[in-house]
Amino acid sequence: MALDLRKELVIPVIPGDGIGPEVVAVTKKLIDAAVNASTAGYVSIRWQEVLAGEAAFNATGEWLPGSTLGDIRAKGVALKGPLTTPVGGGIRSLNVAIRQALDLYASVRPVRYFEGVPSPVKEPQRLNVVIFRENTEDVYKGLEWRCGSKEALGIMAFLKSAHGVELSQDSGIGLKPISESASKRLIRAALSHAVKKKLKSVTLVHKGNIMKFTEGAFRDWGYELARDEFPESVVSESDLRARGLGAVPDGMVLLNDRIADNMFQQILTRPDEYSVLATPNLNGDYLADACAAQVGGLGLAPGANMGDDVAVFEAVHGTAPKYAGKNMANPCSAMLSGAMMLEHLGYEPASKMVVEAVASALSEGVLTQDLARLAGTKSYGTVEFASEVMARLP
Ligand code: NAP
């Protein structure tokens with residue numbers, strides 16, 4: 001009897017709110033086609049729709065049903081559209097809630113240039129970085145208290161009595177915890193990625209000159225981790241100096257660090273010197289969008305939120321409500337996030353096909369309105385753009 005090698009992958013999908021359902025629908029089609037083409041039809045995907053956001057609230061009265069988290073946990077992966085942050089309702093952000101519930105501690109954002117995309121800089125092709133941003137603490141911990149509240153006044157009273165620190169009574173208070181364990185697991189993920197992909201460097205981006213025990217500690221823990229866990233594959237700038245080496249030995253990854261404000265100017269003026277950036281939460285938030293702008297904007301930036309056991313892949317943009325239902329959204333960010341998911345699942349050829357088809361369409365001037373208006377060319381609707389991409393699959 002012939003062996004049946006056909007395989008069905010079950011992938012949970014959150015269509016999302018606003019433009020989410022439109023960009024996710026065309027992304028699913030593209031991924032289906034790429035998987036089919038790259039496996040000669042042996043592998044297919046069953047998309048398991050799970051609810052979150054407005055769709056979940058309308059159906060169940062809950063913004064983030066426990067069953068959604070359970071299904072994603074069980075499969076270890078999901079494709080997600082953007083979600084509206086509910087106003088009121090006790091949830092600060094659904095996206096943050098999903099990341100915290102599933103312990104998706106690394107926000108991973110590759111930023112590269114695609115030929116044909118209008119950019120505000122002269123040589124956008126010089127930027128090709130992957131940003132690993134810590135996703136669970138720092139300002140994401142959400143520890144802050146309103147000016148004049150009982151909690152803010154209580155903390156100020158404690159600081160004065162226990163530490164002699166006097167703050168203006170009309171202050172709001174925020175806490176910025178950065179732990180060794182969370183910093184190290186994020187930096188470990190960044191270093192492992194650089195080693196696996198044979199990239200030239202990992203840069204720790206921090207504001208340790210001012211915040212020594214949070215951001216400065218992030219940097220120090222990074223160097224300590226590299227020494228303890230990557231002695232054969234990672235070398236720091238100070239190790240190079242100590243060993244009298246003029247250049248990074250072949251096959252090793254350079255670990256260095258940059259103060260955040262300096263990093264912002266260097267990523268503009270010397271982008272090709274950087275390949276992986278590892279950052280605490282807030283620095284990475286700013287840096288990832290600034291880098292995305294350099295290569296053409298948020299419509300093109302893919303992302304993943306990754307933990308040890310679960311990874312959720314999603315476009316970095318939000319629900320862009322003004323374009324919802326109008327066939328005007330750029331689906332590239334969602335498509336490229338889908339490509340990242342395929343690579344994560346071990347379907348590299350399918351992933352490559354998606355990226356190459358998107359790149360080919362963009363380079364031939366097939367642009368959605370967000371880019372066409374900058375290039376001064378004809379614009380394609382979401383569905384028409386997706387058809388052009390599909391037509392470029394092998
Ligand atoms: P946004 O939805 O990203 O949209 C801001 C602007 O970016 C849009 O008005 C549009 O610019 C442009 N844009 C974003 N994505 C685009 C796409 N795919 N195609 C074309 N243009 C695109 O940010 P927002 O307005 O600040 O947030 C709206 C809602 O989304 C909020 O509820 C927010 O909380 C939520 N959000 C969710 C996520 C997530 O789920 N991961 C992330 C961010 C925000 P122009 O107006 O210039 O055309």
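Here the side chains of Gln169 and Leu153 are in contact, with some heavy-atom distance below 4.5 Å. Counting heavy atoms from C-beta on, the side chains of Ile14 and Leu51 never come closer than 4.5 Å. The shortest distance between side-chain heavy atoms of Ile11 and Gln48 does not fall below 4.5 Å. Within the 4.5 Å cutoff, the side chain of Arg109 has no heavy atoms near those of the Pro302 side chain. Two residues are said to be in side-chain contact when any heavy atoms from C-beta on lie closer than 4.5 Å; Ser119 and Val295 fail this criterion. Between Met252 and Ser233 there is no side-chain heavy-atom pair separated by less than 4.5 Å. Side chains of Pro331 and Thr368 form a contact here, defined as non-hydrogen atoms less than 4.5 Å apart. At least one side-chain heavy atom of Val117 sits less than 4.5 Å from a side-chain heavy atom of Tyr113.
A donor-acceptor contact closer than 3.5 angstrom links the side chains of Tyr140 and Arg99. A donor atom on one side chain and an acceptor atom on the other are found under 3.5 Å apart for Lys80 and Asn95. A side-chain donor-acceptor contact under 3.5 Å links Glu364 and Ser360. Gln100 and Asn135 form no side-chain donor-acceptor contact under 3.5 Å, judged by distance and modelled atom types alone. Looking at Thr136 and Glu134, their side chains do bring a donor and an acceptor atom within 3.5 Å of each other. For Asn128 and Tyr274, the side-chain atoms include no donor-acceptor pair closer than 3.5 Å. Side chains of Asn327 and Glu22: no donor on one and acceptor on the other come within 3.5 Å.
A donor-acceptor pair under 3.5 Å is formed between the side chain of Thr60 and the backbone N or O of Ala56. Between the side chain of Arg392 and the main chain of Glu388, a donor-acceptor pair closer than 3.5 Å is present. Side-chain atoms of Lys29 do not come within 3.5 Å of backbone N or O of Ala25 as any donor-acceptor pair. A side-chain donor-acceptor contact under 3.5 Å links Ser183 to the backbone of Ser179. In this structure, Ser387 contributes its side chain and Val383 its backbone to a donor-acceptor pair below 3.5 Å. The backbone N or O of Asn281 lies less than 3.5 Å from no partner atom in the side chain of Glu137, so there is not a single donor-acceptor pair. One N or O on the side chain of Ser192 and one on the backbone of Arg188 form a donor-acceptor pair closer than 3.5 Å. Formation of a donor-acceptor pair under 3.5 Å by the Ser44 side chain with backbone atoms of Glu8 is not found in this model. Judged by distance alone, the side chain of Thr279 and the main-chain N or O of Gly284 form a donor-acceptor pair under 3.5 Å. No donor-acceptor pair closer than 3.5 Å links the side chain of Glu343 to the backbone N or O of Ser351.
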For this session: Quick one: do His206 and Asp257 satisfy side chain to side chain donor-acceptor pair (under 3.5 Å)? Show the steps, please.
Result: CA-CA 8 Å; His206 61 89; Asp257 73 278; 2.7 Å; yes
Problem set entry | Stepwise salt bridge (charged side-chain N to carboxylate O under 4.0 Å, His left out) check, Lys207 with Asp261 | CA-CA 8 Å; Lys207 191 71 186 157; Asp261 36 333; 3.2 Å; yes
For this session: Kindly indicate, with the supporting measurements, whether the criterion salt bridge (charged side-chain N to carboxylate O under 4.0 Å, His left out) is fulfilled by Asp103 and Arg185.
Result: CA-CA 12 Å; Asp103 199 22; Arg185 66 181 180 171; 2.9 Å; yes
For this session: Show your working on side-chain contact (heavy atoms from CB on, under 4.5 Å) between Asn262 and Gln265 and close with a plain yes or no.
Result: CA-CA 5 Å; Asn262 181 28; Gln265 64 93 11; 2.7 Å; yes
Problem set entry | CA sep, side-chain torsions, deciding dist, call: Asn256, Thr203, side chain to side chain donor-acceptor pair (under 3.5 Å) | CA-CA 5 Å; Asn256 56 16; Thr203 303; 2.7 Å; yes
For this session: Could you please spell out the steps behind the side chain to side chain donor-acceptor pair (under 3.5 Å) verdict for Glu215 and Asn283?
Result: CA-CA 10 Å; Glu215 305 243 346; Asn283 297 334; 2.9 Å; yes
For this session: Could you walk me through whether Ile31 and Thr27 pass side-chain contact (heavy atoms from CB on, under 4.5 Å), step by step?
Result: CA-CA 6 Å; Ile31 290 177; Thr27 296; 3.8 Å; yes
Problem set entry | side-chain contact (heavy atoms from CB on, under 4.5 Å) between Leu240 and Leu254, worked out | CA-CA 9 Å; Leu240 284 182; Leu254 174 69; 3.9 Å; yes
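What you find for Val26 and Val23 is that their closest heavy atoms are CG2-O, 3.4 Å. Taking all atoms of both residues into account, the shortest heavy-atom contact from Leu362 to Cys332 is CD2-SG, 4.2 Å. Considering every non-hydrogen atom in both Pro15 and Val24, the closest pair reads O-CG2, 3.6 Å. Taking every heavy atom of both residues into account, Cys291 and Val111 meet most closely at O-CG1, 3.5 Å. Closest of all the heavy-atom pairs between His317 and Pro82 is O-CB, 3.6 Å.
Summarising the local packing, NZ of Lys7 is surrounded by 12 or fewer heavy atoms from other residues, nucleotides or ligands at distances under 6.0 Å. Crowding of Lys184 atom NZ: a count of heavy atoms from other residues, nucleotides or ligands under 6.0 Å exceeding 12. Heavy atoms of other residues, nucleotides or ligands lying less than 6.0 angstrom from OH of Tyr286 number 12 at most. Sparse packing is recorded around CD of Glu115, with 12 or fewer heavy atoms of other residues, nucleotides or ligands lying under 6.0 Å away.
Applying the ring pair (Phe, Tyr, Trp, His ring centres under 6.0 Å) test to pairs two or more places apart or on separate chains, none has a residue in residues 346-380. Sorted by first and then second residue, the salt bridge (Lys or Arg N to Asp or Glu O under 4.0 Å) pairs involving residues 48-67 (not counting sequence neighbours) form an empty list. Pairs engaging residues 236-256 under the salt bridge (Lys or Arg N to Asp or Glu O under 4.0 Å) rule: Glu237-Arg258 [sequence neighbours left out].
Tracing side-chain contacts under 4.5 Å through hydrophobic residues (I, L, V, M, F, W, Y), one never reaches Leu287 starting from Val121; they form parts of separate clusters. Cluster annotation: Leu199 is connected to Ile267 through the hydrophobic network of ILVMFWY side chains, with a link wherever side-chain heavy atoms come within less than 4.5 Å.
Relative ring orientation between Phe57 and Trp63 is described as parallel, the plane-to-plane angle staying below 30° on a 0-90° scale split at 30° and 60°.
The side-chain tip of Arg227 does not point at the ring of Phe230 from less than 6.0 angstrom away and within 45° of straight on.
The side chain to side chain contact (heavy atoms under 4.5 Å, CB included) with Leu371 is formed by just one residue from the set Asn330, Val366, Thr377; it is Asn330.
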